[in-house]
Amino acid sequence: MSPASLPSQRTGAAAPNPGPAGPGATPPTPPTQQDISAEIAAAHARAAAAVAAGAAPPDHPPRDFAPYRSSVLRHPRQSLVSVGDPEAAELRGPVFGVTDVTETDADLTRQHLGEPLGERITVSGRVTDRAGRPVRGQLVEIWQANASGRYAHQRDQHPAPLDPHFTGVGRCLTDDLGRYRFTTIKPGAYPWRNHDNAWRPAHIHFSLFGTAFTQRLVTQMYFPGDPLFPYDPILQSVTDQAARERLVAAYDHALSVPEWSLGYRWDIVLDGPAATLPDPEEGS
Amino acid sequence: MPRPTPSQTVGPFYGYALPFTDGARPAPPGHPDAITLHGVVRDGAGQPIPDALLEFWQAAPDGSLDGHPGSLRRDPVTGGFLGRDGVRFTGFARVPTDADGHWRVHTLRPPASAPYLSVCVFARGLMHHLYTRAYLAEPAADALLDALPARRRATLVARDEGAGVHRFDIHLQGEKETVFLDFAR
């Protein structure tokens with residue numbers, strides 16, 4: 001069965017938007033992996049040339065990254081407008097507390113009557129700001145596919161089984177050292193329709209808050225050694241290799257629980273100015 | 001200094017994880033000063049975006065930016081969402097767009113001195129969230145608005161539709177592209 005005949009609506013590639021005309025236009029047939037890989041290599045080469053010419057290596061993906069086709073019409077073309085107001089509301093942010101989480105939220109294997117299928121894992125790490133200070137008492141949210149690579153979402157109809165004992169949603173608050181910890185199962189890789197034979201490497205989606213709304217982060221954690229990394233335009237949208245490596249958790253034997261679960265460590269650094277704190281350059 | 005963790009797209013499947021009961025309703029039910037802010041999120045072809053997620057952060061009516069826990073107030077018995085407590089204003093809202101790209105929040109009016117809601121936009125296809133602001137009124141002086149040409153400035157000012165309803169459309173790209181903000185420093 002060709003990907004085009006799959007019932008999946010993974011990317012919305014069949015959306016009515018035809019895309020812009022000219023180079024980079026969406027072709028009538030899906031691009032091949034070779035096409036996408038060549039575009040990724042070209043984008044990485046352009047980014048490397050900019051760094052060689054003196055630009056700082058970018059921490060974040062460019063919003064315009066055509067190998068990920070859905071980005072084409074969903075990024076602004078105008079430059080962002082800088083806000084320097086020290087009274088800006090964005091320099092503070094929402095707060096969360098014991099009312100907002102329950103004890104079982106952090107264990108995704110205990111949210112149903114039975115045990116989910118798959119490889120049980122512990123994922124833990126620290127959340128800090130870009131000055132290295134722990135982010136305390138803030139909300140961490142995760143969501144993921146099950147061990148077969150299927151999301152508990154109506155729009156995910158690809159032929160992999162749902163697991164009645166796994167939803168794939170977790171929450172916790174960071175502790176006083178900025179630490180978080182989840183017990184879950186290792187998600188599976190899954191196909192999507194960005195291009196022909198497109199597969200996402202296994203990943204867990206993370207949502208994080210800092211002390212200021214400016215530090216908001218939504219990202220994805222990957223597993224070490226996944227052979228799908230070079231083929232994936234979403235991971236590869238981060239053009240700097242060192243930055244990409246920061247999205248990959250480390251297997252941590254000390255976090256593994258004997259006869260129970262394998263441990264992965266993933267530390268997170270929030271970008272953007274923190275709340276009511278001096279400029280990091282003055283504070284260090 | 002540690003380097004920041006890169007952003008990645010929210011993707012298409014956050015819908016069973018991030019939205020929560022009363023996410024669009026920071027205003028206590030029946031509050032006499034509650035307002036409604038609503039609009040449509042569109043892409044560069046003018047098409048509505050059915051899988052965007054918007055978050056809002058704002059000062060309380062008295063100007064406080066302290067916020068309050070309880071946006072996601074939970075039921076310890078079932079683990080479900082209880083909705084907000086109807087008393088304390090958390091300053092935070094989260095709302096996914098409908099199939100037609102439309103969204104709405106019911107909130108309290110921010111103070112006249114800083115009459116805006118901060119808006120954070122997430123979507124499938126958007127690698128890195130975008131910040132903008134929805135101004136409910138035009139302040140006499142505002143460093144951000146005053147530095148913008150009129151046409152761009154207009155993208156940040158919600159249209160008053162009367163009866164406490166304000167319209168704020170978001171265009172990610174194109175002729176009507178919304179002004180998006182950078183707080184990097």
Legend entry - Side-chain (B/T90) to main-chain (B/P69) donor-acceptor, under 3.5 angstrom: no
Inset, instruction - Go through the structure and list residues passing side chain to side chain donor-acceptor pair (under 3.5 Å) with B/Y116, not counting sequence neighbours. - result: B/R133
Legend entry - Residue selection (most heavy-atom pairs with chain B, distance under 4.5 Å) from A/L235, A/L208, A/T102, A/V218: A/V218
Inset, instruction - Output yes when B/R109 and B/D33 qualify as a salt bridge under the 4.0 Å nitrogen-oxygen rule, no when they do not. - result: no
Legend entry - Heavy-atom pairs under 4.5 Å with chain A, option from B/G91, B/G15, B/G70, B/G11 with the top count: B/G70
Legend entry - B/L148, part contacting chain A, at a heavy-atom distance under 4.5 Å: side chain
Legend entry - Toward chain B, the part of A/A242 with a non-hydrogen atom under 4.5 Å: neither
Legend entry - Per-residue contacts, residues 153-181 of chain B versus chain A, heavy atoms under 4.5 Å: B/L172, B/Q173, B/E177, B/V179, B/F180, B/L181
Inset, instruction - Go through the atoms of A/P62 and report whether side chain, backbone, both or neither lie under 4.5 Å from a heavy atom of chain B. - result: backbone
Inset, instruction - Check whether the side chains of A/R216 and A/S207 place a donor and an acceptor atom closer than 3.5 Å, and report yes or no. - result: yes
Inset, instruction - Give a yes or no on whether the ring-centroid distance for A/W192 and A/Y68 is below 6.0 angstrom. - result: yes
Legend entry - Parallel, tilted or perpendicular: ring planes of B/F81 versus B/F20, cut at 30 and 60 degrees: tilted
Inset, instruction - Specify which of B/A143, B/A17, B/G67 makes the most heavy-atom pairs with chain A at under 4.5 Å. - result: B/A17
Inset, instruction - Among the options A/G272, A/G93, A/S237, A/S79, pick out the one with the most heavy-atom pairs lying under 4.5 Å from chain B. - result: A/G93
Legend entry - Selection from A/G97, A/P61, A/A212, A/P76 maximising heavy-atom pairs under 4.5 Å formed with chain B: A/P76
Legend entry - Part of A/L139 lying under 4.5 Å from any heavy atom of chain B: side chain
Inset, instruction - Take B/D66 and A/R92, measure what salt bridge (Lys or Arg N to Asp or Glu O under 4.0 Å) needs, and give me the verdict at the end. - result: CA-CA 7 Å; B/D66 290 342; A/R92 302 288 297 279; 2.7 Å; yes
Legend entry - Side chain / backbone / both / neither for A/E245 at chain B, heavy atoms under 4.5 Å: neither
Legend entry - Of B/F122, B/F183, B/F56, the residue whose pairing with B/Y131 passes ring pair (Phe, Tyr, Trp, His ring centres under 6.0 Å): B/F183
Legend entry - chain B interface, residue from A/Q111, A/Q220, A/R63 that has the most non-hydrogen pairs under 4.5 Å: A/R63
Legend entry - Contact check, side chains of A/F209 and B/W57, non-hydrogen atoms, under 4.5 Å: no
Inset, instruction - Taking the side chain as every heavy atom from C-beta outward, state whether B/M127 and B/P6 have any pair of such atoms under 4.5 Å apart. - result: no
Legend entry - Contact list for residues 74-86 of chain B, test salt bridge (Lys or Arg N to Asp or Glu O under 4.0 Å), sequence neighbours left out: A/D105-B/R74, B/D85-B/R88
Inset, instruction - For each of B/H128, B/Q58, B/R73, tally heavy-atom pairs with chain A at distances under 4.5 Å, and name the one with the top tally. - result: B/H128
Inset, instruction - Please check if the side chain of B/T5 supplies one atom and the backbone of A/V269 the other of a donor-acceptor pair under 3.5 Å. - result: yes
Inset, instruction - Tell me, please, which residues at least two apart from B/H102 pass side chain to side chain contact (heavy atoms under 4.5 Å, CB included). - result: B/H38, B/V40, B/D100, B/R104
Legend entry - Interface residue of largest heavy-atom contact number with chain B, from A/V169, A/D64, A/I142, under 4.5 Å: A/V169
Legend entry - A/H205, part contacting chain B, at a heavy-atom distance under 4.5 Å: side chain
Legend entry - Top contributor to chain B contacts, counting heavy-atom pairs under 4.5 Å, from A/D85, A/I234, A/L270: A/I234
Legend entry - Proximity breakdown for A/Q78 and chain B, heavy-atom pairs closer than 4.5 Å: both
Inset, instruction - Flag the pair A/W143 / A/F206 as yes when their ring centroid distance falls below 6.0 Å, and as no otherwise. - result: no
